[in-house]
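Heads up: the structure comes next, in structure tokens.
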Amino acid sequence: MEHEIKDVTILGAGPTGLFGLFYCGMRGASAQVVDALSQAGGQLTALYPEKYIFDVAGFPKVLAKDLVRSLESQAAQFGEPVHLDQHVTGLEEHDGHFVLVTSTDRFPTRSLVLAAGIGAFSPRRLPQAVAEPWYGKGIQDRVLDLEQFRGKRVIIIGGGDSAFDWAQQLRGTAEAISLVHRSDRFRAHAATVADVLASVHTSHTKVFTFHELHDIHSAGEYFDSVTLRNVKSKELERVECDVILPMLGFVSDLGALNDWGLELVNDEIVVNSQMETGHAGIYAAGDICTYPGKLKLIATGFAEAATAVNQAVHWVHPDKKVAPGHSSNMAVFGQKDD
Ligand SMILES: Cc1cc2nc3c(=O)[nH]c(=O)nc-3n(C[C@H](O)[C@H](O)[C@H](O)COP(=O)(O)OP(=O)(O)OC[C@H]3O[C@@H](n4cnc5c(N)ncnc54)[C@H](O)[C@@H]3O)c2cc1C
């Protein structure tokens with residue numbers, strides 16, 4: 001399907017891309033966002049929707065999924081589309097415009113803002129072959145809704161932040177939590193580790209260090225227990241469970257972006273202070289871009305999105321200034337336009 005040409009197309013519907021879409025509307029530019037995932041929000045939706053974020057300006061704390069919802073509704077006021085389930089694989093350049101290409105669609109655009117985060121990413125899967133058939137039938141590598149785990153016996157595999165965060169947050173919802181890790185060295189925030197270890201005595205939480213998944217036992221369509229193996233003593237132990245959450249990090253893949261002739265350092269696109277990539281009409285913002293002093297934060301992504309979009313709008317419409325003016329004084333919001 002060939003879509004209508006837009007002034008700005010943003011690759012990536014993470015917080016950076018969603019705020020960029022809003023900014024395009026505010027600047028009176030036609031725009032669209034294209035993302036491979038089936039939901040907007042990037043890492044916030046895919047990796048930590050139920051976690052609180054404390055360092056977004058104006059929110060003492062905000063659930064990641066609620067921040068995404070607000071960003072979506074802020075962007076939606078201009079009616080420009082977010083195209084989901086569209087994994088971008090190609091970029092074509094035609095007479096004065098680009099076309100982003102996915103396996104099914106083509107998105108013509110006069111300029112591009114790459115807000116592709118860490119690339120198209122997917123959770124690292126359990127290495128045990130025995131686990132593979134149970135993905136989607138009790139093994140899940142994303143937590144989208146805590147309530148789904150109410151009364152469930154949950155095994156969390158991993159020793160990093162996500163493993164400990166979920167062990168902490170599922171307490172009180174899950175009937176029992178077993179955290180399983182191959183060593184006794186954890187890569188999670190010390191306070192969270194201390195909290196989870198302390199809870200072993202007061203809640204239905206168990207921590208199995210030096211253990212790994214060995215086998216999964218089914219009672220029909222779903223499993224009801226697993227066997228854990230002590231990697232030192234080789235002893236086996238059976239543990240009842242309904243859900244396995246592998247929290248083993250994720251693998252990301254820049255994929256197509258590698259081949260677009262942009263300057264990359266450690267899989268990040270080098271930009272200048274205008275968020276220009278060096279290829280006229282192509283800008284980058286958010287986790288995907290790098291420059292001296294770069295911080296990979298939602299807050300910096302927002303600022304970079306504003307810079308990138310203002311530059312892109314000026315590139316497409318040279319009569320429009322780079323500086324946007326103040327939203328508090330704009331006709332587009334029903335205010336007096338200065
Ligand atoms: C567990 C965790 C906790 C965090 N906590 C905080 C915090 O408290 N505060 C904070 O400021 N930051 C936090 N961060 C970091 C923050 O989430 C990132 O800085 C932020 O998500 C970057 O936003 P982004 O829009 O640039 O990229 P992303 O959120 O990564 O979004 C990029 C989007 O681009 C899409 N994409 C990539 N390649 C393609 C392609 N080829 N085709 C189509 N779509 C593509 C992806 O599907 C994705 O949706 C945390 C990160 C993690 C993992």
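Each residue takes its place number in the sequence, starting with 1. Quick note: numbers below take in every heavy atom, side chains included, and nothing from hydrogens, waters or symmetry partners. Atoms within each ligand, like the ligands themselves, are counted from 1 in listed order. Source: prediction; values computed, not measured.
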Starting from the C-alpha separation in whole Å, work towards a yes-or-no answer on side-chain hydrogen bond (donor to acceptor under 3.5 Å, both in side chains) for Glu235 and Asn230. CA-CA 5 Å; Glu235 279 171 25; Asn230 186 312; 5.7 Å; no
Quick one: do the His317 and Asp7 side chains pair a donor with an acceptor below 3.5 Å? yes
Residues forming a ring pair (Phe, Tyr, Trp, His ring centres under 6.0 Å) with Phe186, sequence neighbours excluded: Phe164, His181
Expected rows: ligand 1 N/O, protein N/O, dist below 3.5 Å:
from	atom 1	to	atom 2	distance (Å)
ligand 1	9 (N)	Asp55	OD1	2.8
ligand 1	9 (N)	Asp55	OD2	3.4
ligand 1	11 (O)	Ile298	N	2.9
ligand 1	14 (N)	Tyr48	OH	3.2
ligand 1	17 (O)	Tyr48	OH	2.5
ligand 1	19 (O)	Asp287	OD1	2.9
ligand 1	19 (O)	Asp287	OD2	3.2
ligand 1	25 (O)	Pro15	N	3.3
ligand 1	25 (O)	Thr16	N	3.1
ligand 1	25 (O)	Thr16	OG1	3.2
ligand 1	26 (O)	Thr16	OG1	3.0
ligand 1	26 (O)	Asp287	N	3.0
ligand 1	29 (O)	Gln43	N	2.9
ligand 1	30 (O)	Gln43	NE2	2.8
ligand 1	38 (N)	Ala120	N	3.2
ligand 1	41 (N)	Val88	O	3.2
ligand 1	42 (N)	Val88	N	2.9
ligand 1	44 (N)	Ala36	N	3.0
ligand 1	47 (O)	Asp35	OD1	2.8
ligand 1	49 (O)	Asp35	OD1	3.2
ligand 1	49 (O)	Asp35	OD2	2.6

Member of Leu245, Val200, Ile156 meeting the side chain to side chain contact (heavy atoms under 4.5 Å, CB included) criterion with Ile177: Ile156
Between the side chains of Gln168 and His189, is a donor N or O closer than 3.5 angstrom to an acceptor N or O? no
Ring geometry between Tyr52 and Phe54 (parallel below 30°, tilted from 30 to 60°, perpendicular above 60°): tilted
